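The structure under discussion appears below in the form of structure tokens.
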Amino acid sequence: MLNITLPDGSVRQFVDGATGYDVAAAISEGLARNAVGVRVDGEVRDLHRPIEHDAQVAILTWNDADGKMAFWHSSAHVLAEALEALYPGVKLGIGPAIENGFYYDIDLGEGRTISSEDFPEIEKKMLELARQKSKFERRAVSKADAIAYFTEKADPYKLDLLERLDDGTITFYQQGNFVDLCRGPHLPDTANIKAVKLLNIAGAYWRGDEKNKQLTRIYGITFPKAKELTEYLEKLEEAKRRDHRKLGKELELFAFSDKVGAGLPLWLPKGTMLREKLEQFLRRAQIKAGYQPVVTPHIGSKELYVTSGHYEKYGADSFQPIKTPNPGEEFFLKPMNCPHHCEIYKTKPRSYRDLPVRLAEFGTVYRYEQSGELHGLTRVRGFTQDDAHIFCRPDQVKEEFTKVIDLVLYVFRALGFQDFTAQISLRDPENKAKYIGSDENWDKAEQAIIESAAEKGLTTVTELGEAAFYGPKLDFMVRDALGRKWQLGTVQVDYNLPERFDLEYVAPDNSRQRPVMIHRAPFGSLERFVAVLIEHCAGNFPLWLSPEQFAVLPISEKYHDYAQQVYDRLMGAELRGAVDHRDEKIGRKIRDAEVSKVPYMLIVGEKEQENGIVSVRKHGEGDVGSMPIDSFIKSFESQVAAMMDGAAG
RNA sequence: GCCGUUUUAGCUCAGUGGUAGAGCACUUCCUUGGUAAGGAAGAGGUCAUGGGUUCAAAUCCCAUAAAUGGCUCCA
């Protein structure tokens with residue numbers, strides 16, 4: 001007999017050889033019908049695989065993340081089966097499930113191509129195969145048999161995969177006539193796959209190595225219900241509507257020009273207003289937090305980067321040096337601000353009493369990103385970091401880290417980013433040699449990060465081996481309203497640059513000590529931050545940031561004078577906006593203001609002029625009634641203040 | 001950087017080898033209108049750039065650039 005413990009803690013008994021399906025069926029018929037897999041003592045397995053011993057068992061359905069993975073992984077096999085049917089001789093690479101769907105890498109062979117125009121036919125074939133309700137059958141095979149099978153099939157990629165697998169761990173899965181090397185687990189059968197959509201097609205190197213052959217990767221997604229596919233596609237449409245590249249153009253925030261150069265954004269007046277408000281906001285917060293603003297040039301001599309080590313590592317792949325009339329003299333556009341800041345630190349001897357020294361700069365840096373990597377404002381070749389470097393004693397690292405986290409949280413709250421996680425990147429304990437800095441300091445810094453993150457109650461994930469070679473770091477990952485993940489703020493401990501620049505402070509015993517350096521940027525870069533902010537709020541910026549906070553809309557030309565009076569009053573109170581003087585009807589002016597996402601529309605006509613009031617309309621909400629101009633200003637100001645107080649609390 | 005796709009008016013996009021189009025935006029005129037598009041007329045294009053094929057190229061071919069979806073990279 002098998003004792004099966006269910007997630008609710010109850011224990012049920014089953015005959016030997018019982019499967020996950022039997023367990024599901026014993027719980028309810030509906031569960032058995034919807035089950036896609038089973039978790040046995042933490043291991044996700046096929047529903048119909050016998051459970052060998054007493055275990056903790058959870059039935060997985062589409063609603064479990066692991067259930068979705070099995071569902072999509074199985075869908076990838078169906079895609080492969082369809083491709084084999086439609087494109088005989090196709091060679092298969094790998095076909096895993098991913099966060100949203102699955103893909104399969106294929107090699108069509110010389111001269112054959114496939115494009116998104118072929119998708120409908122492939123989708124049709126996949127649905128046809130799915131309807132056959134083929135069982136996914138698992139079988140263990142010996143390495144020799146596996147090699148024989150794929151040699152016979154002349155599938156070089158599977159053979160390559162097999163080379164790295166050990167005998168005894170190899171399993172095949174078969175549905176219909178299609179056999180694939182696969183660890184599983186899979187769905188019981190193909191019938192659950194009711195809706196199929198192939199999404200896009202792309203090149204991908206075999207094993208992710210650009211020295212290898214490039215395969216064709218087909219991305220797709222499947223669902224157990226057609227309705228869910230429709231909803232997913234609607235979500236994609238919504239993401240497109242929020243795309244910062246689209247909104248940036250529509251709202252006239254930024255632009256690019258071939259003549260200026262790829263990846264070099266031009267900030268238009270409205271975008272610049274937004275950006276300056278963000279800068280102003282952070283500048284103030286940083287002054288309060290004890291930072292000292294500094295300004296450094298956009299270029300630095302080659303020597304600076306030889307010292308920092310960046311020349312050796314990135315010199316060849318950077319913007320190439322700027323030459324001068326002096327032979328041999330070379331300058332680089334600065335790819336980061338830290339070397340300059342190190343030189344500021346070195347302008348005078350520092351006492352342990354002076355530390356920490358916090359140098360802050362909105363520093364614009366230039367990096368020659370690969371052409372294929374450029375993407376709107378999130379990946380550019382010239383961008384401004386809200387950078388600062390904290391030079392402190394090793395015993396101050398933790399306190400400084402905590403303060404930086406406070407600052408980042410303050411910034412995120414003020415901007416409405418509630419859903420974020422913090423990733424702690426530590427060194428690989430197996431391979432300590434590849435990191436610079438003493439063991440003792442690393443331990444101290446890693447502890448400092450872990451503890452301060454815990455004290456601040458951050459939701460963290462810890463990644464071993466993800467630290468930079470010069471120090472551990474903490475990155476803030478923000479999810480936008482659609483659940484997409486972005487890396488914004490970062491805090492990094494650095495033992496390398498203080499060493500390379502020979503930074504020192506005088507300790508109480510008069511000895512020379514090495515300070516620790518902390519790089520930090522709450523926004524990361526203004527460019528990426530604005531991009532994420534745009535997508536996060538779909539272009540409806542918080543009132544205090546909105547480039548245009550109001551639009552005065554006169555009913556007709558007769559009220560232009562009064563409109564101007566209203567405008568002057570608001571500008572006097574330091575609100576931002578404009579009067580719509582066009583010869584258009586009020587409906588049209590309202591529509592245009594709504595479309596351009598102006599938070600407040602102030603409609604003025606005869607009534608308003610006579611009574612010294614404005615008729616207020618709120619973006620997305622409509623008419624909110626009329627009030628004296630001063631009341632509007634007061635209510636406006638209290639709203640802005642509330643946003644800032646909320647952030648501080 | 002690599003693979004695929006795309007590039008036509010300020011914007012969004014039609015146009016499959018034979019006289020360059022639409023809607024919106026813009027200009028002018030009419031209209032002075034009360035909470036999401038008033039009407040009319042006009043102006044606006046080296047069809048990304050450079051080569052080639054052809055009697056003839058926005059259209060077919062090649063190269064370059066940029067954008068875009070991925071891959072690789074990211075101080």
Side-chain angles (χ1 to χ4, degrees), chain A residues 93 98 103 105 107 113-117 199-219 243 245-246 249-250 252 255-264 305 308-315 317-318 332 334-339 365-376 378-381 383 385 387 468-471 473 487 490 492 494 496-497 519 525 553-560 582-596 601-608 615-626:
Chain A
I98 53 176
Y103 66 79
D105 284 346
D107 180 357
T113 57
I114 196 165
S115 80
S116 52
E117 285 168 26
L199 297 166
N200 50 48
I201 193 163
Y205 301 108
W206 173 239
R207 305 191 81 93
D209 184 340
E210 61 184 318
K211 289 185 208 79
N212 287 339
K213 178 158 183 184
Q214 193 157 40
L215 307 181
T216 303
R217 176 170 297 177
I218 297 177
Y219 287 86
D243 192 316
R245 293 167 299 183
K246 181 175 149 71
K249 198 184 272 183
E250 284 171 5
E252 297 179 3
F256 290 92
S257 151
D258 288 4
K259 276 214 178 68
V260 174
L264 299 169
Y305 302 106
S308 73
H310 294 107
Y311 177 78
E312 192 190 1
K313 192 147 193 250
Y314 296 102
D317 300 320
S318 300
F332 277 85
K334 69 174 169 185
M336 80 296 292
N337 304 298
C338 22
V365 298
Y366 299 89
R367 299 177 183 177
Y368 192 76
E369 304 292 356
Q370 294 184 27
S371 60
E373 262 316 311
L374 302 175
H375 180 92
T378 57
R379 201 70 194 278
V380 285
R381 285 177 173 163
F383 56 95
Q385 295 176 315
D387 210 358
F469 75 93
Y470 52 78
K473 60 179 179 171
Q487 191 219 304
T490 177
Q492 310 186 1
D494 186 344
N496 180 40
L497 285 183
H519 308 249
S525 84
L553 311 180
I555 295 285
S556 83
E557 210 176 321
K558 284 187 269 181
Y559 311 106
H560 279 187
R582 292 175 306 163
D583 177 15
E584 291 290 350
K585 290 203 197 173
I586 193 65
R588 179 50 181 274
K589 292 181 184 178
I590 287 170
R591 183 190 143 78
D592 289 347
E594 288 281 355
V595 168
S596 57
M601 285 151 271
L602 304 173
I603 293 150
V604 295
E606 192 177 356
K607 266 188 312 200
E608 289 76 13
S615 175
V616 182
R617 187 189 160 98
K618 211 168 171 181
H619 170 74
E621 290 179 29
D623 195 353
V624 295
S626 49

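The sequence lines fix the lettering, A, B, ..., with proteins before strands; numbering per chain opens at 1. What you are looking at is a predicted structure, and each value in this text was computed from that prediction instead of being measured. Below, each value reflects all heavy atoms present in this structure, side chains not excepted, and no hydrogens, waters or symmetry copies.
Looking at A:E608, its side chain does come within 3.5 Å of a backbone N or O of A:G605 through a donor-acceptor pair. A:R217 places no side-chain N or O within donor-acceptor distance of the main-chain N or O of A:A202, the cut-off being under 3.5 Å.
Applying the 3.5 Å distance criterion, the base of B:C71 shares no donor-acceptor pair with the side chain of A:R217. Evaluation of atom-type donor-acceptor distances gives a pair under 3.5 Å for the side chain of A:Y205 against the base of B:G1.
Among the protein residues, A:H375 comes within range of the sugar-phosphate backbone only, with heavy atoms under 4.0 Å from sugar or phosphate atoms but none that close to a base. Counting non-hydrogen atoms under 4.0 angstrom, A:G208 reaches the backbone sugars and phosphates but no base. At the heavy-atom level, A:R245 lies under 4.0 Å from the strands shown only through sugar-phosphate atoms.
When the P atom is used for both B:U54 and B:G15, the distance is 28 Å, rounded to whole Å. On the P atoms, B:U27 is 31 Å away from B:A67, given to the nearest whole Å. Look at the C1' atom in both B:U53 and B:G45: the space between them is 25 Å, to the nearest Å. Rounded to a whole angstrom, the distance from the P atom of B:A14 to that of B:G33 is 42 Å. Distance noted for atom C1' between B:A20 and B:C47: 8 Å (whole Å). Taking atom C1' in both B:U8 and B:U46, the straight-line distance is 12 Å, to the nearest Å. The P atoms of B:C30 and B:A22 are separated by 26 Å, rounded to the nearest whole Å. B:A43 and B:G21 have their P atoms separated by 13 Å, with the value rounded to a whole Å.
By the 5.5 angstrom centroid cut-off and the 30-degree plane limit, A:Y314 is classified as stacked against the base of B:A75.
One interatomic measurement links the two molecules: CZ of A:F256 to P of B:A66, which rounds to 13 Å at whole-angstrom precision. When the P atom of B:G4 is taken as reference, atom CD1 of A:I218 falls 15 Å away, rounded to whole Å. A straight line from CG of A:L374 to C1' of B:C73 spans 12 Å, rounded to a whole angstrom. A straight line from CD1 of A:I98 to C1' of B:G69 spans 13 Å, rounded to a whole angstrom. When rounded to the nearest whole Å, the span between OH of A:Y368 and P of B:A75 equals 18 Å. Rounded to whole Å, the distance from CZ on A:R381 to C1' on B:G1 is 10 Å. Rounding to whole angstrom units, OH of residue A:Y311 and C1' of B:A75 are separated by 16 Å. In this structure, the CD1 atom of A:I201 is 14 Å from the C1' atom of B:C71, given to the nearest Å.
With contacts defined as side-chain heavy-atom distances shorter than 4.5 Å, the pair A:Y470/A:Q492 qualifies. Residues A:V616 and A:L602 have side chains in contact (heavy-atom distance under 4.5 Å, counting atoms from C-beta outward). Side-chain contact check for A:I603 versus A:D623: every heavy-atom pair is 4.5 Å or farther apart. Taking 4.5 Å as the limit, some side-chain heavy atom of A:C338 sits within range of a side-chain heavy atom of A:H519. For the pair A:V365 and A:F383, the minimum side-chain heavy-atom distance is below 4.5 Å. Between A:K249 and A:F256, the closest side-chain pair of non-hydrogen atoms is not below 4.5 Å. Under the 4.5 Å side-chain criterion, counting only non-hydrogen atoms from C-beta, A:Y305 is in contact with A:P335.
Closest to the side chain of A:P335, out of B:A75, B:G69, B:A67, is B:A75. In this structure, of B:G1, B:G70, B:C74, it is B:G70 that holds the atom nearest to the side chain of A:Q214. Residue A:Q370 has its side chain nearest to B:G1 when only B:G1, B:C74, B:C71 are considered.
Projected onto RNA chain B by closest heavy-atom contact, A:H310 and A:Y219 fall at different nucleotides, the more 5' of which corresponds to A:Y219. Toward the 5′ end of RNA chain B lies the nearest nucleotide of A:A204, the other residue of the pair A:C338 and A:A204 mapping further downstream.
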Which atom pairs link the protein and nucleotides 6-11 of chain B when you take only N or O atoms and keep those under 3.5 Å?
none

* Asked: Starting at the 5' end of RNA chain B, what dot-bracket string do you get if Watson-Crick and G-U pairs under 3.5 Å are bracketed, crossing pairs use [ ], other-strand pairs use | and unpaired bases use dots?
  -> (((((((..((((....[..)))).(((((.......))))).....(((((..]....))))))))))))....
* Asked: Using a cut-off of 4.0 Å between protein heavy atoms and nucleotide atoms, how would you tag nucleotides 28-39 of chain B 5' to 3' with B, S and -?
  -> --BBBBBBBBB-
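Between A:W206 and A:L215 the shortest heavy-atom distance is CE3-CD1, 3.6 Å.
For the side chain to side chain contact (heavy atoms under 4.5 Å, CB included) with A:M601, the lone residue among A:R617, A:K618, A:K589 that qualifies is A:R617.
The aromatic rings of A:F332 and A:Y311 stand perpendicular to each other, their planes meeting at an angle above 60°, with 30° marking the opposite boundary.
For A:R381 and A:Y368, the positive end sits near the middle of the six-membered ring, less than 6.0 Å away and at most 45° from its axis.
Contact check, A:R367 against B:A75: no side-chain N or O comes under 4.0 Å of OP1 or OP2.
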* **Test log, rule side-chain contact (heavy atoms from CB on, under 4.5 Å), inputs A:D592 and A:E584** => CA-CA 11 Å; A:D592 289 347; A:E584 291 290 350; 6.0 Å; no
